[in-house]
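Accompanying notes for the structure given below.
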There are 2 protein chains.
Amino acid sequence: MQQPTIADVAKISGVSTATVSRALSGTGRVSDKTRKRVQKAASELGYTGNSIARALRSKHSGIVGMIVPSISNPFFTALVESVEHELLRVGKTLFLCDSQGDVALEARRLQSFQESHVDGILVSPCHGIDSVTALNLIPKSTPVVQLDQFVVGTATDWVGIDDEQAMDLVLTHAAERGAKNAVFVSSASTNSSAQARLAGFLKFAEVYDIRVGPDDIRLGRFSVDWGEEVGALLLAQPALPDVIVCGADVIAFGIIRAFTAAGISLPGQVMITGFDDVAFASIITPSLTTVRQPTRLLAAEAVRMLSRRPSEETITHAKVAFTPELIIRESTARLTPR
Amino acid sequence: MQQPTIADVAKISGVSTATVSRALSGTGRVSDKTRKRVQKAASELGYTGNSIARALRSKHSGIVGMIVPSISNPFFTALVESVEHELLRVGKTLFLCDSQGDVALEARRLQSFQESHVDGILVSPCHGIDSVTALNLIPKSTPVVQLDQFVVGTATDWVGIDDEQAMDLVLTHAAERGAKNAVFVSSASTNSSAQARLAGFLKFAEVYDIRVGPDDIRLGRFSVDWGEEVGALLLAQPALPDVIVCGADVIAFGIIRAFTAAGISLPGQVMITGFDDVAFASIITPSLTTVRQPTRLLAAEAVRMLSRRPSEETITHAKVAFTPELIIRESTARLTPR
DNA sequence: GTGAAAGCGCTAACAA
DNA sequence: TTGTTAGCGCTTTCAC
């Protein structure tokens, strides 16, 4: 037999479908006796409900959609886990998608969520400019919160960290440890985080009198591979910088791999810093000095924003930036004097 | 205004809703002229369709649900990425959930998917025994493929690797490198993979004359933390084993961290092997000898199985086991003679 | 090739 | 407290 429907339960328990609906969902007044009878019938039949039909009728699905650029970046998996944890508390289910850093794919995922009438969308957009089209296509009725990255020209809430402050922390620390010059390795994609980190780096390098040459800004991707490429490039140069500042831990991992393979002493010959504080940052040799993102806080705030009732017509959107924290480990121990 | 519906498109283009449906979905005969007109009207209105209504009516959603025990285990994220890649080719969307290794949560996720009428479910069950109830609650009409792990007492397809053969590869290699005794560190959860790996370990340890004492089987969780705990325990013992065989890379990472912190030379004093070949296995110091799981193949086969038409009443289920591959790296270089 | 009409399973008004 | 009724937006017969 097919999946039992509300009508089957109604027939068995001798009440109307409306009463079954009320008894099972807990909305509306139903006598205890009837409720018991309905529940018994439902469990006997193995009735589980049809959330498609429910969603069609009631206009909400109990599902929150989330889109991240890369599920293999441990920063995002940590974020996703925190979000799931928060959603569990409000009884919602998370459906996760990966945009693979591709704007077109991201747009398709967004549309999937929209067509599925999810109750809200959390997105870490993959592009600071091109993602704007897809994001603005989402009807105002669906709450959207951007996480980590923010796309200029969109009108949604945002939760992230203060990237500029993070760079201040990193460069203050580097200067204290004696850095006189620095290289910055990050992502070329024009998203807000990458840009803010770059801007912050340049600003505070100047403030703390750390020299940055024209070739010392290396922009590629947030990936281990990009780190390895840059590592090879740096090895080919006559001298290593005092410190290599990375826009993501995974980039630092790649550079460390390249340097270790080449027999470079870390941090003896060059200091290196990451960004995110993913789990492996403390496992790698040398353990990585990095900027910790408060994923639990980010997730909690994002979920809170999603469920905020749109109070007025005059919808104002909030931008919440948390304070990052510098985690100091081996990779920025002092350089050995030359 | 609200989201446009098929009726709005019909009104603007001057045809019936049935024709709009046919024109837009491509099913059924529609004249080119009408089709063009409908498409124009649809795009003018920004019509996107309502997949809830579509799913309710047509009984399929274009969505495949996947449940993994832990999204922070890089093995699973690699698997998820491969699955997404395969699903993209058949035009389906993946919705991912995390069971956090919790049977009750896994059951809830499964029910979410069932109620959402997904076209199929891919699941890597978190428990070899307790997961059986939830899995058997899924109606026969929803195709289910178990990945990696298999739950005894269920009737679904399965795709994984030959865990016993994998252990043969590991122990053959260890024996060649001079191991006379070994410790096995893995997960205590009674899932098929954990059990098959343990059984294979014991079997081939005997075959290759590698001594395994009663305290040399350490079963906990598939996590870095568990590896660190075991690392501390092993350090407290009078002598280190020749080789530590781990049931997952993440466990090996934890042991390596504990040993490195204690100043133990790896692999000089003890060899270590992992399982899965996650990306970080080649980055860690020492780089990790491990068993590579062919995630692309696993994913492709699983997706193929999902879309296989249930041919007959006599539904037979397939179990496909791929051959694992041993990746030899630094962590099993020969021991320094004592 | 196109339209009319009947639902998919459920919930929300409105009656009773 | 409960039942009746009317759809949600779409696809899919069945006519024409």
Side-chain angles (χ1 to χ4, degrees), chain A residues 1-39 41-42 45-63 111-112 114-119 139 141, chain B residues 1-39 41-42 45-63 111-112 114-119 139 141:
Chain A
M1 142 153 178
Q2 287 294 46
Q3 284 275 87
T5 75
I6 204 170
D8 299 319
V9 179
K11 199 183 297 171
I12 293 217
S13 49
V15 296
S16 74
T17 61
T19 302
V20 173
S21 173
R22 283 187 284 249
L24 260 30
S25 70
T27 61
R29 276 145 296 277
V30 181
S31 74
D32 269 11
K33 208 178 120 200
T34 316
R35 184 191 314 282
K36 288 240 165 57
R37 202 144 40 96
V38 169
Q39 285 171 338
L45 260 64
Y47 172 81
T48 56
N50 179 330
S51 62
I52 299 275
R54 193 180 354 252
L56 178 59
R57 183 63 232 235
S58 65
K59 305 292 182 197
H60 47 85
S61 59
I63 288 167
Q111 181 158 344
S112 283
Q114 183 196 331
E115 291 186 8
S116 297
H117 284 240
V118 295
D119 293 347
S141 48
Chain B
M1 142 152 177
Q2 287 293 48
Q3 284 274 88
T5 74
I6 203 170
D8 299 318
V9 180
K11 199 183 298 172
I12 294 217
S13 49
V15 295
S16 74
T17 60
T19 303
V20 173
S21 172
R22 283 187 285 251
L24 259 29
S25 69
T27 60
R29 278 143 296 277
V30 180
S31 76
D32 269 11
K33 208 176 118 201
T34 314
R35 184 189 315 282
K36 288 238 165 56
R37 204 146 36 98
V38 170
Q39 286 170 338
L45 260 63
Y47 172 79
T48 55
N50 179 330
S51 61
I52 299 276
R54 193 179 355 255
L56 179 61
R57 184 62 231 238
S58 65
K59 305 292 179 196
H60 47 85
S61 59
I63 289 168
Q111 179 157 345
S112 282
Q114 182 197 333
E115 291 186 10
S116 297
H117 284 242
V118 296
D119 292 349
S141 48

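Letters A, B, ... mirror the listed sequences (proteins, then strands); counts begin at 1. Fair warning: this is a prediction, and the values are worked out from it, not measured in the lab.
The side chain of A/Lys59 places no N or O atom within less than 4.0 Å of a non-bridging phosphate oxygen (OP1 or OP2) of C/dA12. The side chain of A/Ser31 places an N or O atom within less than 4.0 Å of a non-bridging phosphate oxygen (OP1 or OP2) of D/dT2.
Within the nucleic acid shown, A/Arg54 comes within 4.0 Å of sugar-phosphate atoms alone, with no base atom in reach, counting heavy atoms only. Residue contacts shown for B/Ser21 include a base, since a base heavy atom lies under 4.0 Å away. At the heavy-atom level, B/Thr34 lies under 4.0 Å from the strands shown only through sugar-phosphate atoms.
Atoms OG and CG, on A/Ser51 and A/Leu56 in that order, are 11.5 Å from each other to the nearest 0.5 Å.
Put simply, CZ on B/Arg29 is 13 Å from C1' on D/dT13, counting in whole angstrom units. Between the P atom of C/dC8 and the CG atom of B/Leu56 lies a distance of 9 Å, rounded to the nearest Å. To the nearest angstrom, C1' of C/dC8 lies 16 Å from CD of B/Glu115. Atom CG in B/Leu24 sits roughly 12 Å away from atom C1' in D/dC10 (whole-Å rounding). Taking atom CG on A/Asn50 and atom C1' on C/dC8, their separation rounds to 8 Å, with Å as the unit. Counting to the nearest Å, the P atom of D/dT5 and the CD1 atom of A/Ile6 are 17 Å from each other. Counting to the nearest Å, the C1' atom of D/dT11 and the CD1 atom of A/Ile52 are 14 Å from each other. Between the CZ atom of B/Arg57 and the C1' atom of D/dC10 there is a distance of 8 Å, rounded to whole Å.
A donor-acceptor pair is defined here as one N or O able to donate and one able to accept, closer than 3.5 Å; no such pair exists between the side chain of B/Thr17 and the backbone of B/Ile6. Judged by distance alone, the side chain of A/Thr5 and the main-chain N or O of A/Ala7 form a donor-acceptor pair under 3.5 Å. Between the side chain of A/Ser61 and the main chain of A/Ala55, no donor-acceptor pair closer than 3.5 Å is present.
Contact detail for A/Arg35 and A/Arg22: the closest heavy-atom pair is NH1-O, 4.4 Å.
Residue B/Ser16 has its side chain nearest to C/dA4 when only C/dA4, D/dT2, D/dT12 are considered. Here the nucleotide nearest the side chain of B/Ala18, chosen from D/dG7, C/dA4, D/dT2, is C/dA4.
The base of C/dG1 lies outside donor-acceptor range of the side chain of B/Arg35, with no N or O pair under 3.5 Å.
Position along DNA chain C of the nearest nucleotide to B/Arg22 versus A/Ser51 favours B/Arg22 as the more 5'-ward residue.
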